[in-house]
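Side chains included, hydrogens not; waters and symmetry mates left out as well; all remaining heavy atoms used.
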Amino acid sequence: MASSPLITQPVAIFSVVLMIILFAPLLLSRLKVPHIVGMIVAGVVVGPYGFNVLDNDSSFAVFGQVGLLYLMFLAGLEIDMYHLRLNLRRGMLFGAMTLVIPLALGVLSSVFLLRLDWTTSLLLGAMYASHTLISYPVAARFGITKSAPVLVAIVGTIIAVAGALFVLAAVVSVARDGELSAVGLLWLLCKMLLWAAAMLYCIPRLTRRFFKRYGDKVTQYVFVMVMVFIAAWSAQLIGLEAVLGAFAAGLILNRYVPSASPLMSSIEFVGNALFIPYFLISVGMMINVRVILNVDTLAVSGIMLAVAIAGKWLPAFIAQKANGYRAAGREVIFGLTCAHTAVALAVVTVGYNLGLLDVRVLNSTVLVILVTCAIAPMITARAAAQVKIAMLEDEDGDDRPLRHNRTLIPVANPLTAPSLVEMAVLMRNDRGSHDFYALHVRADNAPQAKRVSHYALDAATKAGSAVDVRVQPLERYDLNAITGMVNVIEERDITEVILGMHRRAGVIDTFFGSKVDQLLRATNRMVIIPRCYIPPNTLTRIVVRVPAGAQYETGFSRWVRCLARLTHQLGCRIIFCCPAAVQPLIRGVLYQANYGVRCEFRTAETWDDFIPMAGRVLDDDLFVVIGARANSVSHDSDMVHLPEFLQRYFSGNNLMVIYPEQFGEAPVLTSFVDPLSSDAGSAPSAIPGRMRRVVRRMRRQFGL
């Protein structure tokens, strides 16, 4: 009779689990052991087969299952969909290999070495074919989740698990009915296709509508979790594994959760801090190390372990040779796919309950789980560093002059500051250092003005902290807002300014307001003016209007990269409406930057060509206009009517106006000789110039 555990109180149990989550990685990191292994080892030590500190009760079953679903959901959520499409064919080929090869090796070894019948051997083959991405957090920690080997392994995982479940269903049908029910398998396939179609139709529409209506991050997080577990639950109802539903939910929601958004930070934080460690500890608590001491079990375990490792190493080796990967890529694929946990245990448990497997095979499976879960994170960690170095070496060097970006975000209103910071973070340069500055300029020292300044800067810094981005607050007392901005631009060497779009106060007010015009005359740096009525992660397309001659501006490649980064984060399409001469140059920048975005081109030479297309810009689109300063290369007479055009045709659309960086005349600063001046960007008086021209004409006329 098993003894009762030492700790049974809920508060004490949770305290022990939290201490394991805290100290296990810290202690084993000194031994160069991955933290995942530390969690599993800790589960073995405190579990019922160790020192029996904690009981593997229903709480661990629940949290462990939630952690497994959370792990698969994160795997789908963090996938780069563009690169996934590029590697889809390779992933499907690898998935077929990592399903068939372990299945064949398992059946043959079980029949000829373990002397099992063909039905039982097929069941064990399904166990070898399935695997769990238990070492995926290691790949995420090294930042290689977008690499080709990781994407190939993820696609292969889904195919292998789905195939193993179909084999399991066939074996169960034979064991119960005495024959293979082809109708039952066909019905399961039909249910799977109908389920996938329902998920693809319902989840995106519900998510977009919910995110438009509710902007609170906590509410959005709960909604995402509801979608994940509904997908997992519905997958179980039709006879599939819940992990397939969680992974499918991650793929579908991938589009609506940008990697640089506060929602993504919350999802990763909760999963990595609580649920996934709980799952790893629960895996350790299921492992009975004492089975190793049994001689009969050791013989069976040796055969099963050899088959399990060889069955996953051979597909990784073939994938490496077929795709031209380095040895580190093969090790990453093998490290991600060699671990057997929940699915394998579920397969052998079903077989044991049906009387197909004996206790030796069940205990040997536990040993296979122990060894593969121990070596998978180690192999992945060893190879991930080399893959990361290779990724850095393969990155294009054309972006090096722009690696250190400094973005200035003027914030005047605490309500609009978070949205400006969010837009700035979505366009940040993730391939180098990027500094963010939130600026509030006030012209008086009244207590009310100081409070507004404090609230606006505090809202901006909190918005940056939500995505682990440091936003440095700057409070400045100056003559006016434009003077303060221009001075900070020069002092901090700002590369771009993101300014909230002006809201018209009356009929005689201009579309942009006087401050934008003053700022454009006072600085040559890139100025971005966004206005979004809906959350950025619900945008479906980005439509960009590019004027003729835009390729000759100094900041041409910079704004193309900014829009490419925004498109990449949002996972949407970008459509460039521009003259034919500009299109190949935009393609060249996108190709060199290698951001992996879906782009299309429409030929539009003048504004007259674009007006018929104005009605095609939808409410879920972001319309981007590339402007031009007066006297610049790309400026023409149509630019004068740009504010009127935007007000007439796009007053209700999401809008962004970008004025590229331009090398021209020196910035026009406010003259401190005239302290009453309030227009920092006003041009100097034309009288001295006229006087000089008059003098020159008089000299030529009189021969002086």
Any chance [atom1] of [X] has more than 12 other-residue heavy atoms, nucleotides or ligands included, within less than 6.0 Å?
| X | atom1 | result |
| --- | --- | --- |
| Asn413 | CG | yes |
| Met92 | CE | no |
| Tyr455 | OH | no |
| Arg89 | CZ | no |
| Lys217 | NZ | yes |

Lys/Arg N to Asp/Glu carboxylate O, [X] vs [Y], below 4.0 Å:
| X | Y | value |
| --- | --- | --- |
| Arg406 | Asp493 | yes |
| Arg476 | Glu491 | yes |
| Arg598 | Glu600 | no |
| Asp620 | Lys212 | yes |
| Arg525 | Glu661 | no |

Using distance alone, with no hydrogens and no angle criterion, decide if [X] and [Y] have a side-chain donor and acceptor under 3.5 Å apart.
| X | Y | value |
| --- | --- | --- |
| Glu496 | Thr407 | yes |
| Ser453 | Glu475 | yes |
| His404 | Asp435 | yes |
| Ser259 | Gln569 | yes |
| Thr603 | Gln583 | yes |
| Tyr256 | Arg208 | yes |

Legend entry - Stepwise ring pair (Phe, Tyr, Trp, His ring centres under 6.0 Å) check, Tyr214 with Phe223: CA-CA 10 Å; Tyr214 303 100; Phe223 173 81; 9.0 Å; no
Which atom names give the shortest non-hydrogen contact between [X] and [Y], and what distance separates them?
| X | Y | result |
| --- | --- | --- |
| Val657 | Met501 | CG2-CE, 4.1 Å |
| Leu570 | Pro536 | CD2-O, 3.3 Å |
| Ile144 | Ala384 | CD1-CB, 3.6 Å |
| Thr567 | Cys572 | CG2-O, 3.1 Å |
| Ser265 | Val467 | OG-CA, 3.4 Å |
| Leu426 | Pro258 | CD2-CB, 3.9 Å |

Side chains of [X] and [Y]: closer than 4.5 Å at any heavy-atom pair?
| X | Y | answer |
| --- | --- | --- |
| Ile482 | Val486 | yes |
| Val544 | Val546 | yes |
| Ile252 | Met199 | yes |
| Ile159 | Phe94 | no |
| Leu439 | Ile409 | no |

Kindly say whether [Y] contributes a backbone atom to a donor-acceptor pair with the side chain of [X] at under 3.5 angstrom?
| X | Y | value |
| --- | --- | --- |
| Thr538 | Ile534 | no |
| Glu553 | Val633 | yes |
| Arg90 | Leu151 | no |
| His434 | Arg428 | no |
| Ser465 | Thr461 | yes |
| Asp621 | Ile542 | no |
| Asn254 | Ile79 | yes |
| Asp458 | His454 | no |
| Ser234 | Ala231 | yes |
| Arg561 | Met427 | no |

Inset, instruction - May I ask you to decide if the ring planes of Phe601 and Phe576 are parallel, tilted or perpendicular, using 30° and 60° as cut-offs? - result: parallel
Inset, instruction - List the steps and the verdict of ring pair (Phe, Tyr, Trp, His ring centres under 6.0 Å) for Phe645 and Tyr649. - result: CA-CA 6 Å; Phe645 176 83; Tyr649 295 103; 4.9 Å; yes
Look up atom [atom1] in [X] and atom [atom2] in [Y], then write down how far apart they are to the nearest 0.5 Å.
| X | Y | atom1 | atom2 | value |
| --- | --- | --- | --- | --- |
| Thr337 | Tyr136 | OG1 | OH | 15.0 Å |
| Cys532 | Met423 | SG | CE | 4.0 Å |
| Ile494 | Ile489 | CD1 | CD1 | 7.0 Å |

Inset, instruction - Start with the C-alpha distance between Ser261 and Asn537, add both sets of side-chain angles, then the distance that settles side-chain hydrogen bond (donor to acceptor under 3.5 Å, both in side chains), and finish with yes or no. - result: CA-CA 9 Å; Ser261 64; Asn537 56 344; over 6 Å; no
Inset, instruction - Validate the cation-pi geometry between Arg209 and Phe211: distance from NZ or CZ to the six-membered ring centre under 6.0 Å, angle to the ring axis within 45°. - result: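 No, a cation-pi geometry is absent between Arg209 and Phe211.
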Legend entry - For Tyr221, the option from Asp216, Ile267, Val226 that meets side chain to side chain contact (heavy atoms under 4.5 Å, CB included): Ile267
